[in-house]
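A short worksheet on the structure shown next.
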Amino acid sequence: MGNKMPSLEEQLFPSTPGKFKIERTHRQFNRCFSSSSTMFLWALFLLALTASYFSFQSFVSSGSRYITASWGGIQWEKQVRTSAQIHRQGGMSVLVTGAAGFVGSHVSLALKRRGDGVVGLDNFNDYYDPSLKKARKALLSTNGVFIVEADINDAKLLAKLFDVVAFTHVMHLAAQAGVRYAMENPQSYVHSNIAGLVTLMEACKTANPQPAIVWASSSSVYGLNEKVPFSELDQTDQPASLYAATKKAGEEITHTYNHIYGLSITGLRFFTVYGPWGRPDMAYFSFTRNILQGKHITVYRGKNRVDLARDFTYIDDIVKGCLGSLDTSGKSTGSGGKKRGPAPYRIFNLGNTSPVTVPTLVSILESHLKVKAKRNVVDMPGNGDVPFTHANISSARMELGYKPTTDLQTGLKKFVKWYLSYYGYNHGKPVN
Ligand SMILES: O=C(O)[C@H]1O[C@H](OP(=O)(O)OP(=O)(O)OC[C@H]2O[C@@H](n3ccc(=O)[nH]c3=O)[C@H](O)[C@@H]2O)[C@H](O)[C@@H](O)[C@H]1O
């Protein structure tokens with residue numbers, strides 16, 4: 001028992017120092033040295049292996065960029081140029097961001113139909129069913145509008161687009177929309193509504209000639225404002241959601257580009273836009289789907305059991321407001337990234353001026369669908385919602401000739417007609 005061999009651990013880390021142990025430690029050191037030289041070689045080998053792996057990876061990714069990039073090349077440039085061609089006197093060539101989106105697709109079509117040049121840009125993200133975006137793209141394509149599939153944060157692409165086409169206008173509608181989703185995915189709002197906006201502004205400021213910019217702000221910037229109807233002159237420093245805060249930030253960001261670089265800016269505060277080809281995440285759309293599928297719908301209710309209300313605005317009216325804004329935008333004044341004089345900076349409400357409560361919205365849908373909704377009425381959770389919205393549109397009426405003509409009853413009828421023709425009556429229902 002007294003001759004017990006020391007364990008390897010004991011040999012390497014002697015418990016008590018002593019001559020013998022020092023000698024052994026010395027020998028151990030030599031052994032260690034010889035083993036560490038092996039380790040050194042191994043480490044070198046691993047390092048070389050890692051380096052070659054990474055250089056291979058970058059080769060593959062740079063290679064695949066050329067192989068899979070959805071933009072670039074002679075054919076692509078030709079498509080962009082053709083799509084941007086103007087077919088009317090005094091027409092404009094417009095870069096529409098978010099062109100596969102709800103408002104973007106409608107505005108693109110309207111511009112194209114009246115003879116303007118339109119190039120679309122969209123990242124086709126999956127915030128909601130991308131197949132709907134693809135269907136809108138197909139519709140635009142048959143009408144001669146080409147959509148580039150890319151993100152507004154892609155500065156190289158934006159530079160290329162301005163290189164290929166001297167856009168007179170940018171209709172900026174790409175955004176992360178949705179008030180309540182901001183609690184689930186806050187970063188997506190920063191990515192699209194802040195970083196993406198700045199990337200686009202940078203491209204516009206550098207472009208020669210600089211385009212005039214019309215872009216989508218939101219009624220949500222009024223936040224907790226209680227003064228009705230909401231006027232552009234009201235304070236907007238109490239946003240109730242991150243979505244609203246990023247839209248408000250957008251108004252400030254675009255102001256600086258107007259101030260420093262002479263970009264012509266028009267911000268449009270859209271009020272709960274609805275209609276055919278709409279966004280499936282919005283209440284009128286998801287209610288329709290759930291009512292048809294026999295599922296319950298959740299109807300939020302405000303404080304003291306007061307119904308929530310929105311100034312629901314029909315898409316065709318919004319399109320007219322967008323086109324009116326483009327037509328009256330005035331020119332950007334900068335060139336070579338330098339301001340040459342003051343340029344317009346405008347903000348307009350685009351609403352309907354007649355708020356309707358959410359329970360009334362549901363009743364209208366019931367009558368058009370001829371199906372009774374199964375309503376769950378719950379108190380509004382603290383999720384960024386505001387109790388009501390109501391637009392004062394006198395500015396837009398005066399300066400853009402904006403005059404909404406579609407009430408909710410009529411607009412929802414058109415929406416339901418489209419919904420049934422697109423999805424069919426049995427959408428999502430198991431077929432027996
Ligand atoms: O004007 C805007 O700037 C914004 O308009 C839209 O936001 P909102 O006005 O909130 O529309 P939307 O979601 O259709 O809810 C409508 C009502 O239904 C209530 N609502 C909603 C969902 C539900 O399950 N139940 C319910 O009662 C809900 O409480 C609300 O009272 C756009 O989505 C947004 O991107 C932005 O553009």
Side-chain angles (χ1 to χ4, degrees), residues 98 101-104 127-128 173-185 188-189 192-193 215-223 225 229-230 232 236 239-248 250-251 267-275 278-291 295-303 305-315 317-318 321-322 347-353 355-365 373-391 393 404 408 411-412 415:
F102 172 34
V103 180
Y127 168 60
Y128 61 80
L173 299 167
Q176 177 57 61
V179 174
R180 290 163 290 280
Y181 180 65
M183 290 175 72
E184 272 173 59
N185 189 357
S188 65
Y189 291 79
S192 296
N193 303 357
W215 75 285
S217 181
S218 158
S219 73
S220 64
V221 300
Y222 290 105
N225 183 32
F230 299 166
E232 292 88 345
T236 49
S241 66
L242 183 71
Y243 168 71
T246 60
K247 285 295 182 181
K248 176 65 189 168
E251 294 185 353
L268 302 176
R269 294 178 177 165
F270 294 159
F271 282 67
T272 315
V273 190
Y274 73 98
R279 274 174 33 213
D281 63 309
M282 288 183 67
Y284 73 94
F285 202 120
S286 64
F287 285 173
T288 300
R289 189 177 49 224
N290 288 344
I291 291 171
K295 293 183 183 163
H296 281 88
I297 59 168
T298 306
V299 177
Y300 299 136
R301 187 175 51 193
K303 267 190 205 151
R305 303 179 152 245
V306 172
D307 290 333
L308 302 181
R310 288 291 181 273
D311 197 358
F312 296 101
T313 310
Y314 190 62
I315 183 66
D317 290 324
I318 289 291
C322 290
I347 289 192
F348 296 110
N349 286 340
L350 291 187
N352 193 50
T353 68
V356 175
T357 67
V358 177
T360 305
L361 162 85
V362 177
S363 300
I364 298 173
L365 284 175
K374 296 176 184 163
R375 308 181 190 208
N376 277 338
V377 181
V378 303
D379 287 340
M380 182 174 87
N383 56 11
D385 255 336
V386 292
F388 62 88
T389 61
H390 183 179
I393 56 162
L408 190 61
L412 282 178
F415 165 72

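One-based numbering, in listed order, for ligands and for the atoms of each. Reckoned from all heavy atoms, side chains included, excluding hydrogens, waters and symmetry mates.
The protein residues lying under 4.0 angstrom from ligand 1, judged by non-hydrogen atoms, are Ala177, Gly178, Val179, Arg180, Ser218, Ser219, Ser220, Tyr243, Phe270, Phe271, Thr272, Arg279, Met282, Ala283, Phe287, Thr298, Val299, Tyr300, Leu308, Arg310, Val358, Asp385.
Partners of Glu232 by salt bridge (charged side-chain N to carboxylate O under 4.0 Å, His left out), not counting sequence neighbours: none found. Scanning for side-chain hydrogen bond (donor to acceptor under 3.5 Å, both in side chains) contacts around Ser218 gives Ser220, with sequence neighbours left out. Asp281 is linked by a side-chain hydrogen bond (donor to acceptor under 3.5 Å, both in side chains) to Tyr127, Arg279, counting only residues two or more places apart in sequence or in another chain.
Checked against the 6.0 Å centroid threshold, Tyr181 and Tyr243 do not count as a close aromatic pair. Ring centers of Phe312 and Phe271: at least 6.0 Å apart, outside the cut-off.
Side chain of Tyr128 to main chain of Pro280: no donor-acceptor pair is present (N/O by atom type, distance under 3.5 Å, no hydrogens or angles).
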